[in-house]
J.: 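Please see the structure below; I have some questions.
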Amino acid sequence: MNCFQLIFSPTGGTERVAKALTETWPEVQTIDLSAQNFTAPAIPFSADDLVLIAMPAFEAMAPQPALDRLALLQGSGARCALAAVYGNRAVDNTLAQMEDYARNAGFQPIATVSAVAAHSLLPEFAVGRPDDADCQQLAVFGKQILEKFTSGSDTCPPIPGEHNCKAKRAGLIPTVNANCISCGLCARECPVGAISYDNFTVTDPSKCITCMRCVSRCPVHARSVDAAIVARVTDFLRARCSDRKENELLL
């Protein structure tokens with residue numbers, strides 16, 4: 001038996017959820033789906049392996065680059081848990097998309113987790129999550145998933161959401177202010193290579209997925225999205241996103 005976690009986590013929230021979920025799993029190997037120059041690792045997955053596939057929810061869907069990278073792998077019947085991480089609004093169709101791509105890649109879903117992490121675009125929502133209580137609960141979820149795996153079960157719970165959704169283009173593209181010191185960190189860290197290495201103020205809108213990694217990692221806070229639009233969206237969603245949502249496990 002080998003354990004793996006496949007993670008797409010531009011700003012770290014999904015990674016923290018995945019770490020908590022796999023806390024009780026033995027010798028977990030990590031595959032970073034958010035690496036800019038991702039290539040499928042030569043890992044011979046097998047039906048004896050347990051895999052966590054963790055992705056964030058972006059505008060009701062899983063990030064298309066994350067799904068495309070998952071599609072490059074060969075699951076070979078490995079059983080998996082799907083974890084969708086959202087910013088306290090809703091998972092929507094994320095898990096359904098992840099199920100489609102996981103199955104097509106040869107993985108067998110046996111569990112799903114919906115987990116909350118700080119909203120990457122709207123910082124007012126889910127501040128500090130996953131918090132200590134979340135991590136304790138997620139660790140219990142992970143133990144239950146491991147127990148189901150070791151029992152030999154390969155059943156899959158009904159997974160909510162719409163299948164075969166069409167990918168959406170990013171709505172907000174980060175811009176650069178005068179604080180920029182041209183260190184190039186944003187270009188190197190962008191999961192999809194949307195930022196020009198020749199001019200760090202240029203972002204390709206056809207590639208950008210508004211994952212906010214460049215904004216969160218800039219050492220001089222030189223990158224941001226339109227504050228007025230963020231304020232309007234925050235006001236619009238406040239009624240649906242302010243109450244604390246709870247993590248959920250389906251086995």
Side-chain angles (χ1 to χ4, degrees), residues 5-19 30-41 53-73 83-87 89 94 97-98 101 117-127 165-234 237:
Q5 52 183 6
L6 315 181
I7 307 173
F8 190 90
S9 183
T11 58
T14 299
E15 183 179 11
R16 289 191 292 275
V17 166
K19 182 178 179 180
T30 300
I31 298 172
D32 183 9
L33 297 176
S34 57
Q36 184 178 114
N37 297 313
F38 178 83
T39 55
I53 303 173
M55 299 180 185
F58 286 176
E59 294 188 78
M61 302 171 67
Q64 191 61 46
L67 296 171
D68 292 341
R69 293 168 186 184
L70 175 60
L72 297 175
L73 304 177
V85 182
Y86 67 106
R89 189 185 68 81
T94 307
Q97 287 184 295
M98 293 173 67
Y101 276 77
H119 201 294
S120 59
L121 180 61
L122 308 176
E124 177 179 318
F125 303 131
V127 177
C165 301
K166 293 183 179 180
K168 298 179 181 179
R169 295 184 62 180
L172 287 173
I173 309 299
T175 56
V176 182
N177 63 36
N179 291 339
C180 179
I181 57 175
S182 298
C183 67
L185 180 65
C186 56
R188 295 191 300 272
E189 292 289 323
C190 177
V192 294
I195 300 171
S196 170
Y197 278 86
D198 297 321
N199 183 347
F200 303 128
T201 67
V202 175
T203 301
D204 186 341
S206 69
K207 294 181 179 180
C208 179
I209 58 172
T210 318
C211 74
M212 301 297 283
R213 174 175 278 187
C214 64
V215 174
S216 67
R217 296 199 177 182
C218 178
V220 293
H221 309 292
R223 301 184 68 87
S224 62
V225 292
D226 190 303
I229 294 178
V230 169
R232 288 198 296 271
V233 175
T234 298
L237 293 177

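Residues: numbered from 1 along the sequence shown. Just so you know, these numbers use all the heavy atoms, side chains as well, and skip hydrogens, waters and symmetry mates.
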J.: Would you please test F58 and I209 for side chain to side chain contact (heavy atoms under 4.5 Å, CB included) and show each step?
T.: CA-CA 9 Å; F58 286 176; I209 58 172; 4.1 Å; yes

J.: With a 4.5 Å heavy-atom cut-off, do C211 and P63 have their side chains touching?
T.: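 SC-SC contact between C211 and P63 ruled out.
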
J.: May I ask you to test the L72-F38 pair for a side-chain heavy-atom distance under 4.5 Å?
T.: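 Side-chain contact under 4.5 Å: yes.
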
J.: Looking only at heavy atoms, what is the nearest atom pair of P219 and L185, with distance?
T.: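 For P219 versus L185, the nearest heavy atoms are CD-CD2, 4.0 Å.
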
J.: With rounding to the nearest 0.5 Å, note down the distance linking CD1 in I181 to CZ in F200.
T.: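 These two atoms lie 10.5 Å from each other.
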
J.: Scan T175, T201, T203 and name whichever one has a side-chain hydrogen bond (donor to acceptor under 3.5 Å, both in side chains) with R223.
T.: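 Going through T175, T201, T203 one by one, the side-chain hydrogen bond (donor to acceptor under 3.5 Å, both in side chains) with R223 is satisfied by T203 alone.
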
J.: When rounded to the nearest 0.5 angstrom, what distance separates CG in D32 from CD1 in I7?
T.: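 Reported value, rounded in 0.5 Å steps: 7.5 Å.
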
J.: To the closest 0.5 Å, what do you measure between CG (L6) and CD1 (I53)?
T.: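 Rounded to the nearest 0.5 Å, the CG-CD1 separation comes to 5.0 Å.
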
J.: Work out which heavy atom in C180 is nearest to a heavy atom in A222; give both atom names and the distance.
T.: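 Here C180 and A222 meet closest at N-CB, 3.4 Å.
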
J.: Between R69 (side chain only) and A35 (backbone N and O only), is there a donor and an acceptor less than 3.5 Å apart?
T.: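 Looks like yes, one N/O pair under 3.5 Å.
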
J.: How many angstroms lie between atom OH of Y101 and atom CG of L70, to the nearest 0.5 angstrom?
T.: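 The distance works out to 9.0 Å.
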
J.: Would you say T11's side chain and M212's backbone share a donor-acceptor pair under 3.5 angstrom?
T.: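 Side chain of T11 to backbone of M212, a donor-acceptor pair under 3.5 Å: no, none is there.
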
J.: What's the spacing between L237 CG and F125 CZ if we round to 0.5 Å?
T.: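 Taking CG in L237 and CZ in F125, the distance rounds to 5.5 Å.
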
J.: Would you give the length of the straight line joining atom OG of S196 to atom NZ of K207, rounded to the nearest 0.5 angstrom?
T.: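 With rounding to 0.5 Å, OG (S196) is 9.5 Å from NZ (K207).
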
J.: Would you please name every residue forming a side chain to side chain donor-acceptor pair (under 3.5 Å) with D226, sequence neighbours left out?
T.: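 Residues passing side chain to side chain donor-acceptor pair (under 3.5 Å) with D226: none at all.
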
J.: Using atom types as modelled and distance alone, determine if a side-chain donor or acceptor of E15 lies under 3.5 Å from a backbone N or O of A54.
T.: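 Judged by distance alone, no pair lies under 3.5 Å.
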
J.: Minimum heavy-atom separation for H221 to N179, with atom names?
T.: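 Answer, listing the atom of H221 first, then N179: O-ND2, 3.9 Å.
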
J.: Is it the case that the side chain of R213 and the backbone of E189 share a donor-acceptor pair, with hydrogens and angles ignored and the cut-off at 3.5 Å?
T.: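 The answer is yes, because a donor-acceptor pair under 3.5 Å joins these two groups.
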
J.: Using every non-hydrogen atom in the two residues, find where V230 and L121 come nearest and quote the distance to one decimal.
T.: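 Closest approach of V230 to L121, heavy atoms only: CG1-O, 4.0 Å.
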
J.: Of the non-hydrogen atoms in M55 and T14, which two are nearest, and what is the gap between them?
T.: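 Looking at all heavy atoms of both residues, the shortest contact is N-CG2, 3.8 Å.
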
J.: What are the two closest non-hydrogen atoms of C208 and L172, and how far apart are they?
T.: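 That closest heavy-atom pairing would be SG-O, 4.3 Å.
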
